[in-house]
Amino acid sequence: MNHTNRRFFLKQSGLAVAGSLLLPTMGFTTPPNEQFGVQLYTFRDEMAKDAKGTLEQIASIGIKKIESARSKEGLYYGLSPKEMKETCDSLDMKLCSGHVALDKNFDDTMRQAVESGQEYVICSSLPSKGQNIENYKKVADAFNEAGKACKKLGLKFGYHNHEYEFESDKDEVLYDVLMDNTDPDLVYMELDLGWVVVAEKDPLHYFKKYPKRFPLWHLKDMDMNEKISTEFGKGGLDIATMMANKSASGVEHIFIEQEEYTSSPMESMKENMTFLKAL
């Protein structure tokens with residue numbers, strides 16, 4: 001299947017599944033109080049140069065929720081956990097989540113997360129290598145243990161997917177192995193919708209197979225030819241259908257993420273927000 005036909009198939013099949021299995025999409029409008037957040041990796045260069053100033057700019061376009069991402073400057077782009085919390089509070093913003101590594105420094109990661117006031121700590125990549133069932137079961141065990149540790153501190157542990165988790169081993173989709181072997185009360189999934197469609201899978205299938213398992217989303221449109229992110233409405237993700245079926249997924253926090261831009265991160269974010277308001 002060529003890229004053009006694949007994109008058409010993804011959009012059409014998504015609409016079909018939505019209509020037959022879940023909720024109707026006709027007449028959908030974005031609730032006026034819908035508070036979309038942003039993954040700060042979208043503004044990674046700007047955050048590294050001037051974290052507080054960039055947060056002020058993000059707040060100025062109506063973003064109320066943010067998700068941090070670890071960088072060479074630390075978990076909060078050079079700010080201490082306390083400084084991050086105080087800055088967000090002063091801007092009427094909420095640090096809901098943060099991307100972290102499940103590594104030897106995880107105890108300190110949890111400590112900082114508690115101090116920052118965030119609710120979720122999200123592992124952003126697999127802690128061990130191996131595109132096989134055995135490794136994914138081992139990872140699931142590690143995730144369950146991390147979930148227990150986080151729960152003791154009042155945090156919630158989760159995982160953010162990319163494309164590779166949807167590869168198969170012995171006719172089993174590896175992401176499904178991860179889902180089937182993690183405790184829903186300990187491991188919360190952040191579904192990156194863009195990477196799901198790039199992997200030629202349907203997010204609606206996962207909403208149905210694992211209902212209420214995805215309290216966090218990355219809302220990301222993807223250029224299906226280049227496999228890079230793009231502004232909303234220009235790629236292969238049917239955003240209206242995703243939003244119409246969000247309740248089936250159990251989503252609580254929707255973070256917009258864009259890694260590549262037509263002009264600048266801020267202009268792309270403004271375009272994305274305009275798109276969402278027009279749904």
Side-chain angles (χ1 to χ4, degrees), residues 30-81 83-99 116-118 120 122 124 160 162 190-195 197-198 216-240 242-243 251 253-279:
T30 304
N33 62 347
E34 182 74 65
Q35 289 190 352
F36 295 95
V38 65
Q39 161 55 247
L40 290 180
Y41 188 75
T42 301
F43 295 91
R44 54 196 176 275
D45 294 336
E46 291 78 6
M47 286 294 297
K49 294 174 184 176
D50 181 6
K52 291 184 178 180
T54 301
L55 289 171
E56 289 175 2
Q57 292 182 45
I58 294 171
S60 73
I61 62 172
I63 297 292
K64 297 293 186 182
K65 297 180 179 181
I66 59 173
E67 179 178 59
S68 64
R70 64 191 178 97
S71 67
K72 64 181 181 180
E73 292 84 18
L75 296 179
Y76 308 107
Y77 296 94
L79 300 178
S80 70
E83 288 174 325
M84 188 66 164
K85 184 179 188 305
E86 290 175 348
T87 301
C88 289
D89 288 347
S90 71
L91 296 170
D92 193 28
M93 299 173 76
K94 173 64 178 175
L95 174 65
C96 302
S97 177
H99 276 202
S116 75
Q118 68 192 61
Y120 288 92
I122 303 297
S124 58
H160 166 273
H162 295 84
E190 179 174 65
L191 197 66
D192 189 308
L193 304 180
W195 285 122
V197 297
V198 165
L216 306 100
W217 286 3
H218 272 191
L219 191 60
K220 179 194 298 178
D221 209 351
M222 298 290 286
D223 182 315
M224 302 299 289
N225 293 316
E226 300 295 329
K227 293 190 176 182
I228 60 174
S229 55
T230 187
E231 290 77 24
F232 290 174
K234 297 180 180 179
L237 181 68
D238 190 333
I239 295 173
M242 297 301 104
M243 293 300 299
V251 70
H253 303 295
I254 299 175
F255 299 109
I256 301 167
E257 183 184 42
Q258 190 168 334
E259 300 174 55
E260 296 86 16
Y261 333 97
T262 301
S263 57
S264 70
M266 185 57 70
E267 290 305 310
S268 291
M269 184 58 59
K270 289 178 181 177
E271 187 174 334
N272 292 335
M273 296 295 285
T274 298
F275 178 93
L276 292 171
K277 290 176 182 177
L279 283 177

Pair His160-Asp192, side-chain donor/acceptor within less than 3.5 Å: yes

Contacts of type side-chain hydrogen bond (donor to acceptor under 3.5 Å, both in side chains), residue [X], not counting sequence neighbours:
| X | answer |
| --- | --- |
| Asp221 | none |
| Gln39 | Glu67 |
| Thr274 | none |
| Glu86 | none |

Set of salt bridge (Lys or Arg N to Asp or Glu O under 4.0 Å) partners for [X], sequence neighbours left out:
| X | result |
| --- | --- |
| Asp45 | none |
| Glu73 | none |
| Glu260 | none |
| Glu257 | Lys220 |

From CA spacing to verdict: side-chain contact (heavy atoms from CB on, under 4.5 Å), Ile58, Met269: CA-CA 9 Å; Ile58 294 171; Met269 184 58 59; over 6 Å; no

Over 12 foreign heavy atoms within 6.0 Å of NZ, Lys85: no

Donor-acceptor contact present, side-chain [X] to main-chain [Y], <3.5 Å:
| X | Y | answer |
| --- | --- | --- |
| Arg44 | Glu259 | yes |
| Asn272 | Phe232 | yes |
| Ser90 | Thr87 | yes |
| Tyr77 | Glu46 | no |

Does [X] reach the side chain of [Y], with side-chain heavy atoms less than 4.5 Å apart?
| X | Y | value |
| --- | --- | --- |
| Arg70 | Ser124 | yes |
| Tyr120 | Glu190 | no |
| Tyr261 | Met266 | no |
| Ile239 | Leu193 | no |

Results of side chain to side chain contact (heavy atoms under 4.5 Å, CB included) for Ser116 - residues two or more places apart only: Tyr76, Pro81, Leu95, Gln118

Under the side chain to side chain contact (heavy atoms under 4.5 Å, CB included) test, residues paired with Lys94 that sit two or more places apart: Cys96

Pairs involving residues 49-61, ordered by first then second residue, that meet side-chain hydrogen bond (donor to acceptor under 3.5 Å, both in side chains) (sequence neighbours left out): none

How many angstroms lie between [atom1] in [X] and [atom2] in [Y], if you round to the nearest 0.5 Å?
| X | Y | atom1 | atom2 | value |
| --- | --- | --- | --- | --- |
| Leu40 | Ile66 | CG | CD1 | 4.5 Å |
| Leu219 | Phe36 | CG | CZ | 7.0 Å |
| Ser264 | Phe43 | OG | CZ | 8.0 Å |
| Ile254 | Leu276 | CD1 | CG | 8.5 Å |

Of all heavy-atom pairs between [X] and [Y], which one has the smallest distance, and what is that distance?
| X | Y | answer |
| --- | --- | --- |
| Gln258 | Ser268 | NE2-OG, 3.4 Å |
| Thr230 | Met222 | CG2-C, 4.0 Å |
| Gly98 | Ser68 | CA-OG, 3.3 Å |
| Ala69 | Tyr41 | CB-CB, 4.2 Å |

Verdict with supporting geometry, Thr262 and Lys234, side-chain contact (heavy atoms from CB on, under 4.5 Å): CA-CA 11 Å; Thr262 301; Lys234 297 180 180 179; 3.9 Å; yes

Derivation and outcome, side-chain contact (heavy atoms from CB on, under 4.5 Å), residues Leu191 and His218: CA-CA 6 Å; Leu191 197 66; His218 272 191; over 6 Å; no

Trace of the side-chain contact (heavy atoms from CB on, under 4.5 Å) decision for Glu267 with Glu271: CA-CA 6 Å; Glu267 290 305 310; Glu271 187 174 334; over 6 Å; no

